[in-house]
Amino acid sequence: VREGAWLDPFTEPLSDENEQYIKEHGKWLRVDCSEPEHYSDLVGQRIIRMLPLRNEHGRIAGVRICVPAQSIWFVVEGDECHIYWVHPIGFTEEHG
């Protein structure tokens with residue numbers, strides 16, 4: 001988790017290496033989620049706390065992002081990223 005806006009590491013023009021990587025593995029895209037239920041409630045909210053999440057193997061594999069009214073859990077499971085609106089099973093918060 002980093003502070004600031006997301007920066008696409010695969011901006012144009014692409015190198016041959018990056019083009020091949022995208023063909024084989026795909027790439028993340030920015031998606032506007034300012035209107036769907038739950039997500040729209042987050043727009044404009046101030047993040048007040050972020051807690052790392054450990055998976056069942058003890059590795060950091062996610063983060064709980066807290067705003068005044070709610071929390072959102074972002075986790076990596078296998079090779080997929082997921083958003084949860086309740087604490088996901090199998091992850092523990094690291095309070096420091």
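Atom set for the values below is all heavy atoms of this structure, side chains included, hydrogens, waters and symmetry mates excluded.
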* side-chain contact (heavy atoms from CB on, under 4.5 Å) between Trp73 and His87, worked out -> CA-CA 7 Å; Trp73 287 261; His87 191 129; 4.0 Å; yes

* Worked verdict on Leu53 versus Ile60 for side-chain contact (heavy atoms from CB on, under 4.5 Å) -> CA-CA 5 Å; Leu53 300 173; Ile60 293 180; over 6 Å; no

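Of all heavy-atom pairs spanning Glu94 and Leu51, the tightest one is O-CD2, 3.8 Å. Nearest heavy atoms, Asn55 versus Ala61: ND2-CB, 3.7 Å.
In this structure the side chain of Pro52 never reaches within 4.5 angstrom of the side chain of Val63, judged on heavy atoms. Between Val67 and Leu42, the closest side-chain pair of non-hydrogen atoms falls below 4.5 Å. Inter-residue side-chain proximity for Pro68 and Gln45 is flagged as met; some heavy-atom pair is nearer than 4.5 Å.
Sorted by first and then second residue, the ring-ring contact (aromatic ring centres under 6.0 Å, His included) pairs involving residues 9-33 (not counting sequence neighbours) are Phe10-Tyr21, Tyr21-His25. The list of salt bridge (charged side-chain N to carboxylate O under 4.0 Å, His left out) pairs with a residue in residues 84-93, not counting sequence neighbours, reads Arg64-Glu93. Residues in residues 51-70 take part in no ring-ring contact (aromatic ring centres under 6.0 Å, His included) pair, two or more places apart or across chains.
Glu19 pairs by the salt bridge (charged side-chain N to carboxylate O under 4.0 Å, His left out) definition with nothing, not counting sequence neighbours. Qualifying salt bridge (charged side-chain N to carboxylate O under 4.0 Å, His left out) partners for Asp8, counting only residues two or more places apart in sequence or in other chains: Lys27. For Ile83, the side-chain contact (heavy atoms from CB on, under 4.5 Å) partners at least two apart in sequence or on another chain are Tyr39, Ile72, Phe74, Trp85.
Summarising the geometry, atom OG belonging to Ser15 is positioned 10.5 Å from atom CD belonging to Gln20; distances are rounded to the nearest 0.5 Å. With rounding to the nearest 0.5 Å, the separation of CD1 in Ile47 from OG in Ser71 is 11.0 Å.
With a 6.0 Å radius and a threshold of 12 heavy atoms from other residues, nucleotides or ligands, Glu35 has its CD atom at or below the threshold. The number of heavy-atom neighbours closer than 6.0 Å to CD of Glu37, taken from other residues, nucleotides and ligands shown, is 12 or below. For Ile89, the CD1 atom sits in a loose shell: 12 or fewer heavy atoms of surrounding residues, nucleotides or ligands are nearer than 6.0 Å.
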